[in-house]
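Here is the structure we will look at.
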Amino acid sequence: MLTERISEALREALAALGAGNARFRLDRPRDTSHGDLATNAAMAVAGRLSRPPREIARDLKERLDGIDGVERVEIAGPGFLNFFLDAGAMGGRVQAILGRGERYGRNEDGRGRRVMVEFVSANPTGPLHLGHGRQAALGDAIASLLEWSGWTVHREFYFNDAGGQIHRLAISVRARYLQLLGHDASVPEDGYQGEYVSEIAAGLIERDGPRYEDDRSEEALEAMRGFAVALLRREQERDLAAFNVRFDEYYPETRLYSDGLVANTISKLRETGLTYREDGALWLRTSAFGDQKDRVMVKSNGSPTYFLPDVAYHMNKWERGFHHVINVQGSDHHSTVDRVRAGLQALDRPPGYPEYVLHQMVTVERDGDEVRFSKRSGSYTTLADLVAEVGADVARYFFLMRRPEGHLAFDLDLALDQSDRNPVFKVQYAHARLCRLFELAGKKGWVADHDTLISADTSLLVDRSEREVVKQLAEFPALLRRAAAGRAPHLVCDYLEKTAGMVNSWYQTGHPTRNPALSALVDDPALRAARLALAGAARTVLHNGLSVLGLDAPRRMVRDD
RNA sequence: GCGCCCGUAGCUCAGCUGGAUAGAGCAUCGGCCUUCUAAGCCGAGGGUCCCAGGUUCGAGUCCUGGCGGGCGUGCCA
């Protein structure tokens, strides 16, 4: 593409001036009088070359003349180089987009490399809540962005099916089970109070009858535990499926024990000489690797803390061949980051392994006030309820449109709004509107197939409204690259909203009631083909962008009033 | 106390590796439907980028010190 050609020419020119490998920007200036593309290259290397930026810009400009598709280059301001593209090059970008089609925006940066994204990882102790929802949307979108960058991506869900929380679940189920059978029993204070626990107990009676009624053995409790975990796991999976999120693998904590990985990790850590006994517990000197303080590995009662299986699990990820791992977690878990990494460094893994994306919590607001509208969970709003209320696409988009590290106030009024206020509909509608143009062209008997569009004379796209759209569309690949590198799906949302706005603007400019001469559906076949090519390119970008985020790109919008 | 994150328009938030006059949506006000879906478009007003220093050709962005808010700081997960 043209941007790459200019970028390459700039690199060569900089090398010739003695500033090879310099970092510079080449992007679209806000102000169109500053050209179609602009670079800060001269300023960026001024310090290194100890020369005035404008002088360097002059030298660069001399070496940049004659790039195919560039009409002229100007020096401006403190030393910017502004590139003005000719009509042919501008139009050529449309062809390039159409040529790539559903692959437009993909790159091969991660080719041949594997990455694991671990996310959601909810304990099977209850229905998924909104924090899990945000994490599901975030993890899936980050995984998708990496796939668009050529990585081979493994989506993994880790669940804690052992330990104290699960034990409390089992006790709670037993209490409800006994209640349903007419016995006097109560759920302990630190147990699980939600209605779903009774549902589990009822399911247990249906399957096994009253056989645990008088059985206080560990085996009976174990059967209840197993039943509850399996049921909740199925339910979580069903809720995630309704949210269009799927995993390649579900990894249970108990496997770390049954496969001997926890025991193995203990002995490996002991071999490092970084462990010691104190107050009856076994500690690891994590402070040697930047942790705030040392951590207990094995409690004085002989059972491991959660820290140990975490380390064992990440050693296992590494041994499975995942040297790039991204864990998406709520920021309330951020204290585990340093200690897990410290434990892994003790075992000679690199300091930055694994990578973490931490997100803040979610609240739902209606009329500016926080609301909770879930009955089953007992205390919190569930993901399933939210999805039932607003739909998967809206929920996903809203979870993604803010930076992960900020608190997310889910605006329920806006989410339920089917008007222009709702960004999801705005983007989807812009896509549907472009599809509609092709439908109408077809009705008039005009050929607008792929071959026609890709061979259209797009140098006819000279109107400002058209050129602005083309420039926006041309930025899509760089945008995806940036979003992938920054683990930042919200950038895609921003981009799509802006693109949809520009598409709508362009569409209105050429609306028959306003300015028929600029309509996409003009009588002049050559002009029509060029504009439909632009419409096709825009539709491709909106479609691909929505697809990266895991959203549908409808060909037609149906409003349910 | 210490660690991490956040602080940008009335509201919700973008802002890339430091780059040209700080942007978007909503809200407010004024225009635009006999013609491709007005679920839209055009225009206007609206800013101490939390504060104070520093780094430099240039700081919302980097550094230091404050202020305000969130989370964490367990032999809980």
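What you see below is based on every heavy atom in this structure, not just the backbone, and it leaves out hydrogens, waters and symmetry mates. Given the structure is predicted, the values throughout are model-derived calculations rather than measurements. Here is how names work: the chains are called A, B, and so on, in the same order as the sequence lines, proteins then strands, and each is numbered from 1.
- Using a 4.0 Å cut-off, no side-chain N or O of R402(A) falls inside it from OP1 or OP2 of C6(B).
- At the heavy-atom level, L479(A) lies nowhere under 4.0 Å from the strands shown.
- Closest-nucleotide positions on RNA chain B for F80(A) and M401(A) were compared, and the one nearer the 5' end corresponds to M401(A).
- Cation-pi geometry between R341(A) and Y356(A) is not met at under 6.0 angstrom from the ring centre and within 45 degrees of the axis.
- Among the protein residues, R30(A) comes within range of the sugar-phosphate backbone only, with heavy atoms under 4.0 Å from sugar or phosphate atoms but none that close to a base.
- Listed for the S121(A) side chain is no donor-acceptor partner under 3.5 Å among the backbone atoms of F159(A).
- Between the C1' atom of A59(B) and the CE atom of M43(A) lies a distance of 13 Å, rounded to the nearest Å.
- Within 4.0 Å (heavy atoms only), D190(A) reaches no atom of the nucleic acid at all.
- Taking atom C1' on both U21(B) and U17(B), the two are 23 Å apart, rounded to the nearest angstrom.
- Backbone-only contact: R433(A) has heavy atoms under 4.0 Å from sugar-phosphate atoms and none from a base.
- For the residue pair D161(A) and T254(A), a side-chain donor N or O sits within less than 3.5 Å of a side-chain acceptor on the partner.
- Rounded to the nearest Å, the gap between the C1' atom of C16(B) and that of G23(B) is 14 Å.
- The side chain of M557(A) approaches A39(B) more closely than any other nucleotide in the set A39(B), G19(B), C5(B).
- Judged by distance alone, the side chains of Q236(A) and Y250(A) never bring a donor and an acceptor atom under 3.5 Å apart.
- Counting any heavy atom pair closer than 4.0 Å across all strands shown, N504(A) reaches sugar-phosphate atoms only and no base atom.
- Within 4.0 Å of L440(A), counting heavy atoms only, lie sugar-phosphate atoms of the nucleic acid but no base atom.
- Distance noted for atom P between G58(B) and G18(B): 16 Å (whole Å).
- Rounded to whole Å, the P atom of G60(B) lies 13 Å from the corresponding atom of A52(B).
- With F157(A) as the aromatic partner, R233(A) meets the cation-pi criteria of under 6.0 angstrom to the ring centre and within 45 degrees of the ring axis.
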Original post:
For nucleotides 71-77 of chain B, read 5' to 3', which letter fits each nucleotide if B means a protein heavy atom sits under 4.0 Å from the base, S means only the sugar-phosphate is that close, and - means neither?
Top reply: BS-SBSB
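- Here, G7(B) and U61(B) have their C1' atoms 14 Å apart, quoted to the whole Å.
- In this structure, H167(A) places its NE2 atom where only 12 or fewer heavy-atom neighbours from other residues, nucleotides or ligands lie under 6.0 Å away.
- Under the side chain to side chain donor-acceptor pair (under 3.5 Å) criterion, T540(A) pairs with no residue at all, not counting sequence neighbours.
- Which of G19(B), A38(B), A20(B) sits closest to the side chain of H511(A) comes down to A38(B).
- As a whole-Å value, the separation of Y507(A) OH from C33(B) P is 16 Å.
- Rounded to whole angstrom, the span from the CD atom of Q508(A) across to the P atom of G43(B) amounts to 13 Å.
- Distance from the side chain of T513(A) is smallest for C33(B) among the nucleotides C33(B), C6(B), C16(B).
- Side-chain atoms of E497(A) lie closest to G25(B) of the nucleotides G19(B), C16(B), G25(B).
- The residue G510(A) sits close to a base: some heavy atom pair falls under 4.0 Å.
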